[in-house]
2 protein chains.
Amino acid sequence: MSPRPATPAARDRLLAAAGELFYESGIAATGVDAVLARAQVAPATMYAHFPGKDGLVAAYLEQRYDRWLRTWDEVLAEHTDPVDRLLSLFDAVDRYRAREGNRRGCGFLAAATELPADHPGQPWLQADSRLLTDRLRELAVAAGLADPDEAAATLLLCYDGALARSAREWTTPGLHTDDPVRRARGLAAAWLAQQGHRPVR
Amino acid sequence: MSPRPATPAARDRLLAAAGELFYESGIAATGVDAVLARAQVAPATMYAHFPGKDGLVAAYLEQRYDRWLRTWDEVLAEHTDPVDRLLSLFDAVDRYRAREGNRRGCGFLAAATELPADHPGQPWLQADSRLLTDRLRELAVAAGLADPDEAAATLLLCYDGALARSAREWTTPGLHTDDPVRRARGLAAAWLAQQGHRPVR
DNA sequence: GTCTATAGCCGGATAGAC
DNA sequence: GTCTATCCGGCTATAGAC
């Protein structure tokens with residue numbers, strides 16, 4: 001879905017710089033100049049690799065989606081208990097943040113807030129939403145839950161709650177007493193326990 | 001905190017226009033020109049009322065905070081049961097949205113994502129965060145909950161979960177099957193019931 | 001207080017040489 | 001593919017008259 005040029009060095013540096021700046025300073029607030037400066041790349045070189053800023057933003061979101069998916073896959077493969085596999089979503093967030101950093105909460109949530117509806121990066125946001133709902137539903141089915149859609153929606157609510165709280169707290173470290181992801185995992189686990197979960201097999 | 005000019009007509013029109021545009025299109029993406037055009041106000045007039053765009057943004061957030069606080073106060077006054085008063089947060093969101101509209105989720109969450117840490121509008125975002133935590137804690141104490149801080153944090157998690165889900169779904173109406181606020185209220189109520197809530201008096 | 005007109009600037013994008 | 005230099009448009013903000 002993304003053509004690889006013969007000399008990807010500049011492209012890789014651009015994506016790395018975009019990944020840091022778009023995430024830390026916001027997409028709209030980050031100018032192309034800043035990305036170019038950090039990547040040590042000339043303007044014309046960027047436009048040889050990407051159709052424009054919007055295209056760079058889309059590539060940034062694609063990269064982020066790939067890494068997030070890989071991380072969740074990895075964590076998921078480490079668990080066999082059905083409930084653990086459902087809750088792996090939260091452990092995957094922890095691992096992703098340990099790797100990629102967590103200065104400003106969820107990059108997808110921020111992008112969903114910033115980008116207009118017709119932005120070329122929207123497909124990746126939809127891919128993320130679809131991954132979450134579909135996979136959680138599958139895991140809920142595998143866990144033998146009575147209403148998989150309900151379970152997926154509830155876990156997703158806890159998940160987004162953790163991400164939104166992280167986003168709100170990034171500028172007010174004073175009130176940031178506990179870890180929202182940990183709390184969300186606990187709330188989700190409590191809800192699952194309350195459901196009268198019947199394990200398969 | 002905001003000096004009232006002798007002829008507030010233009011100022012009011014500016015605030016009304018800002019309230020619509022900043023919310024619906026985003027703060028960074030909305031130019032001053034667009035606000036001026038919608039408000040039918042000349043540029044110089046705006047700079048007579050506000051120090052600049054940042055000041056207008058801060059006034060927009062102040063206005064939004066005032067209306068949100070008033071709405072929550074109003075809903076809160078309609079309930080006497082301690083648990084109902086805790087859950088009034090979610091009912092207040094419903095009422096606020098019925099009044100002010102809900103095209104793009106929570107304006108504060110969006111602003112927290114968009115604005116830099118030193119923006120003059122940040123105090124209003126902090127005021128909102130403080131209102132939520134402090135008031136929820138008070139209500140939890142009044143409800144006789146064993147750990148008021150824990151209860152406030154959990155309800156806040158549900159609350160932000162609902163708002164974040166609304167934000168994600170605004171562009172994908174296809175997956176938007178259920179109401180996140182309603183679901184969050186249910187999850188919060190279930191958690192409260194699970195706490196072994198002991199009513200006061 | 002409000003207007004018209006405009007200045008200054010910054011960000012996205014391109015031309016053309018190498 | 002990459003560079004230097006530059007264009008162009010839009011947006012923030014101001015000057016000065018009424």
Side-chain angles (χ1 to χ4, degrees), chain A residues 2-61 110-111 114-116 118-122, chain B residues 2-61 110-111 114-116 118-122:
Chain A
S2 31
R4 298 298 144 96
T7 307
R11 189 181 195 274
D12 286 352
R13 289 206 305 278
L14 282 168
L15 268 182
E20 297 170 9
L21 293 175
F22 285 154
Y23 174 66
E24 298 199 357
S25 309
I27 293 172
T30 300
V32 173
D33 300 9
V35 179
L36 295 173
R38 178 176 284 233
Q40 296 272 53
V41 165
T45 304
M46 194 206 93
Y47 289 95
H49 287 282
F50 302 96
K53 179 179 178 177
D54 288 347
L56 181 60
V57 170
Y60 151 69
L61 292 173
E114 285 198 76
L115 300 189
D118 58 349
H119 193 280
Q122 287 285 356
Chain B
S2 33
R4 296 301 145 91
T7 309
R11 189 181 195 274
D12 287 352
R13 289 205 306 278
L14 282 168
L15 267 182
E20 297 170 9
L21 293 176
F22 285 154
Y23 174 66
E24 298 199 357
S25 308
I27 293 172
T30 299
V32 174
D33 299 11
V35 179
L36 294 173
R38 179 176 284 232
Q40 296 272 54
V41 166
T45 305
M46 195 206 93
Y47 288 94
H49 287 281
F50 302 95
K53 179 179 177 177
D54 288 347
L56 181 60
V57 170
Y60 150 70
L61 292 173
E114 284 198 78
L115 300 189
D118 59 348
H119 193 280
Q122 287 286 356

Between [X] and [Y], is there a donor-acceptor pair closer than 3.5 Å when you use the side chain of the first and the backbone of the second?
X	Y	answer
A:Glu114	A:Ala28	yes
B:Lys53	B:Gly31	no
A:Ser25	A:Thr30	no

Whole Å only: how far is the [atom1] atom of [X] from the [atom2] atom of [N]?
X	N	atom1	atom2	result
B:Asp33	C:dA5	CG	P	16 Å
A:Leu14	C:dA13	CG	P	14 Å
A:Arg13	D:dT2	CZ	C1'	10 Å
B:Leu36	C:dA5	CG	P	16 Å
B:Asp54	D:dC11	CG	P	16 Å
A:His49	C:dG12	NE2	P	18 Å
B:Arg11	C:dT2	CZ	C1'	16 Å
A:Lys53	C:dG11	NZ	P	9 Å

Measuring from the side chain of [X] (C-beta onward, heavy atoms only), which nucleotide among [options] has the closest atom?
X	options	answer
B:Thr45	D:dC3, D:dA15, C:dT2	C:dT2
B:Ala44	D:dA13, C:dT2, D:dA15	D:dA15
A:Val41	D:dC3, D:dT2, C:dC3	D:dC3
A:Ala42	C:dC3, D:dT4, C:dG12	D:dT4

Item to check | Results of side-chain hydrogen bond (donor to acceptor under 3.5 Å, both in side chains) for B:Asp33 - residues two or more places apart only | outcome: none
Item to check | Distance (rounded to the nearest 0.5 Å) between B:Arg13 CZ and B:Met46 CE | outcome: 14.0 Å
Item to check | N or O in side chain of A:Tyr47 less than 4.0 angstrom from C:dT14 OP1/OP2 | outcome: no
Checklist outcome for this item: All heavy atoms of B:Leu14 vs all of B:Val35, minimum pair found to be O-CG1, 4.0 Å
Checklist entry - Considering residues, nucleotides and ligands other than B:Gln40, do more than 12 of their heavy atoms fall under 6.0 Å from its CD? => result no
For nucleotides 6-8 of chain D, which of its nitrogen or oxygen atoms have a protein nitrogen or oxygen under 3.5 Å away, and what is each distance?
none

